[in-house]
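Working notes, structure below.
Since the structure is predicted, the reported quantities are computational estimates derived from the model, not experimental observations.
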Amino acid sequence: MARQPIGSCGRRVYVRSKGVDESMKLRRRKFLQLAAAGLSLASAPGTVWAQAYPTRPVRIVVGFPAGVAPDIVARVIAQALSDHLGQQFVVENRPGAGSNVGTEIVVRAPPDGYTLLLAISSGAINATLYSNLSFSLVRDIAPVAMIGLGPFVMVVNPKLPTKTVPEFIAYAKANPGKINMASQGTGLASHLMGELFKMMAGVNLVHVPYRDNFTADLIGGQVQVAFVPIINVIEQIRDGRLRALAVTAAKPTELLPDVPAMSEFVPGYDANGWNGIGAPKETPSAIIETLNKEINAIIRDPPMKARLISFGIEPLSMTPGEFGKRIADDTEKWAKVIKFANVKAE
């Protein structure tokens, strides 16, 4: 209804009709409701994303070739996440430069939760080993969830006259530079765990890096000691071809429950491989929390736990903050070892 003019002392005064007034009130109320909803969405974008996440396939970048241990772990977790979240999680292998190629791909990816990284302990080593990296694992990758620890074991040739770590330390000090320590390559975890032992125990061992498997040479006596992922030598330990002196974890592991922890003899020694999931920095926290919750549920599931243990991985649930602290602590620890031993990347 139009406004109606009313004369008053020669002036025209307009009075708004009741119907028009009510219509304007309704429009104003609707506008305020929409504005309030917009403000609410703007204040918590991550929450909205997480409610819909994921709406398309997610890739997990692995910095190693297909078929090796990190790739196998990534594929097991990817399938479980696909089942839990209803979208495909696909493994993409991008090997090179000790996993640095894959890590940088994730660092440069959009922080939207659709590109993830299988983060492993070598990343904490690479931060110092490679001086020309254009990224920092601690600074540029958001920790999402730990998958598990991969404990190593100190093994010796059975002909070596040492059955315990204290006996080995005494023998090594009596024979400086005469014991050969094999590793999977300079700067890799098997090398640095040995260097950490040398540093903390005060012994002089000769490092012999291999590019191929050194187990046959260790059994044959060409090298006498090595720090190895448990899963790689568990059969040789069980049948007596190698002797296990200690596991590198802070406490005995389910894989070798009768073998003592190194920390019992070398106080403070604690070194493990690990696997986890990371994402680009600035990935919404709600998406990270969603993934963390799902991964923790996956690795606590008894069949999955047994499967991971069969791969040499002991499942370990962590919050994103706890996983981030683990990465930072390991980065600091390996930096000290690398500098002490003057280790250079090959």
Any side-chain heavy-atom pair of [X] and [Y] under 4.5 Å:
X: T103; Y: F135; value: yes
X: D330; Y: W334; value: yes
X: N93; Y: P65; value: no
X: I125; Y: L192; value: yes
X: R243; Y: K163; value: yes
X: I277; Y: I295; value: yes
X: P284; Y: Y53; value: no
X: S317; Y: I299; value: yes

For [X] against [Y], the heavy-atom pair lying closest together:
X: K281; Y: R139; result: CD-O, 3.3 Å
X: E167; Y: P161; result: OE1-O, 4.4 Å
X: P57; Y: Y114; result: O-CD2, 3.5 Å
X: F323; Y: A145; result: CE2-O, 3.5 Å
X: N157; Y: L218; result: ND2-O, 2.8 Å

I need the [X] [atom1] to [Y] [atom2] distance, nearest 0.5 Å.
X: L245; Y: M154; atom1: CG; atom2: CE; value: 5.0 Å
X: R307; Y: I72; atom1: CZ; atom2: CD1; value: 9.5 Å
X: N342; Y: E195; atom1: CG; atom2: CD; value: 10.0 Å

- [ ] Please list, chain by chain and in numerical order, all residues satisfying salt bridge (charged side-chain N to carboxylate O under 4.0 Å, His left out) with D258, sequence neighbours excluded.
- [x]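 Here no residue qualifies.
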Task: I298/I77 under side chain to side chain contact (heavy atoms under 4.5 Å, CB included): CA gap, chis, key distance, verdict - done: CA-CA 8 Å; I298 287 166; I77 295 299; 4.3 Å; yes
Is it the case that the side chain of [X] and the backbone of [Y] share a donor-acceptor pair, with hydrogens and angles ignored and the cut-off at 3.5 Å?
X: T283; Y: A279; value: no
X: N292; Y: I288; value: no
X: S183; Y: G185; value: yes
X: T248; Y: A271; value: yes
X: S263; Y: A250; value: yes
X: E322; Y: T319; value: yes

How about [X] and [Y]: does a side-chain donor come under 3.5 Å of a side-chain acceptor?
X: Q79; Y: D83; value: yes
X: T55; Y: Q87; value: no
X: D217; Y: Y210; value: yes

TODO: Might you work through the side chain to side chain contact (heavy atoms under 4.5 Å, CB included) test for L81 and E294, ending with a clear yes or no?
DONE: CA-CA 7 Å; L81 283 170; E294 294 298 334; 4.0 Å; yes
Open item on the list: Is there a path of hydrophobic side-chain contacts, each under 4.5 Å between heavy atoms, that joins I230 and L242?
Closed with: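 They do share one cluster, since a chain of ILVMFWY contacts under 4.5 Å joins I230 to L242.
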Task: Same apolar cluster: I287 and V58, side chain cutoff 4.5 Å - done: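 Yes, I287 connects to V58 through the hydrophobic network.
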- [ ] Give a yes or no on whether D239 atom CG has more than 12 heavy-atom contacts from other residues, nucleotides or ligands under 6.0 Å away.
- [x]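 For D239, atom CG is crowded (more than 12 foreign heavy atoms under 6.0 Å).
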TODO: May I ask you to check whether over 12 heavy atoms, not counting those of R75, lie within 6.0 Å of atom CZ?
DONE: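 Result for CZ/R75: enclosed.
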Task: Worked check of side chain to side chain contact (heavy atoms under 4.5 Å, CB included) between I179 and V206 - done: CA-CA 6 Å; I179 300 175; V206 178; over 6 Å; no
Task: Cationic N near anionic O, under 4.0 Å, D112 to R56 - done: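 Counted as a salt bridge, because a side-chain N and a carboxylate O are separated by less than 4.0 Å.
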Task: K305/D301 salt bridge by N-O under 4.0 Å criterion - done: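 No, D301 and K305 are not salt-bridged.
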TODO: Return the set of residues passing side-chain contact (heavy atoms from CB on, under 4.5 Å) with E289 (not counting sequence neighbours), or none when no residue passes.
DONE: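 Partners of E289 by the side-chain contact (heavy atoms from CB on, under 4.5 Å) criterion, ordered by chain and then number, come out as P320.
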Donor-acceptor contacts, no H, no angles, side chain residues 219-227, under 3.5 Å, sequence neighbours left out:
residue	atom	partner	partner atom	Å
Q224	OE1	N180	N	2.7
Q224	NE2	G221	O	2.9

- [ ] Take E104 and S134 through the test side-chain hydrogen bond (donor to acceptor under 3.5 Å, both in side chains) and record every step on the way to the result.
- [x] CA-CA 8 Å; E104 186 162 12; S134 62; 2.8 Å; yes
Open item on the list: Does the plane of the ring in Y269 sit parallel, tilted or perpendicular to the ring in F197? Use 30° and 60° as the thresholds.
Closed with: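 Aromatic pair Y269/F197 classed perpendicular.
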TODO: Run the numbers on Q184 and N232 for side chain to side chain contact (heavy atoms under 4.5 Å, CB included), then give the verdict.
DONE: CA-CA 12 Å; Q184 295 165 318; N232 290 10; 3.5 Å; yes
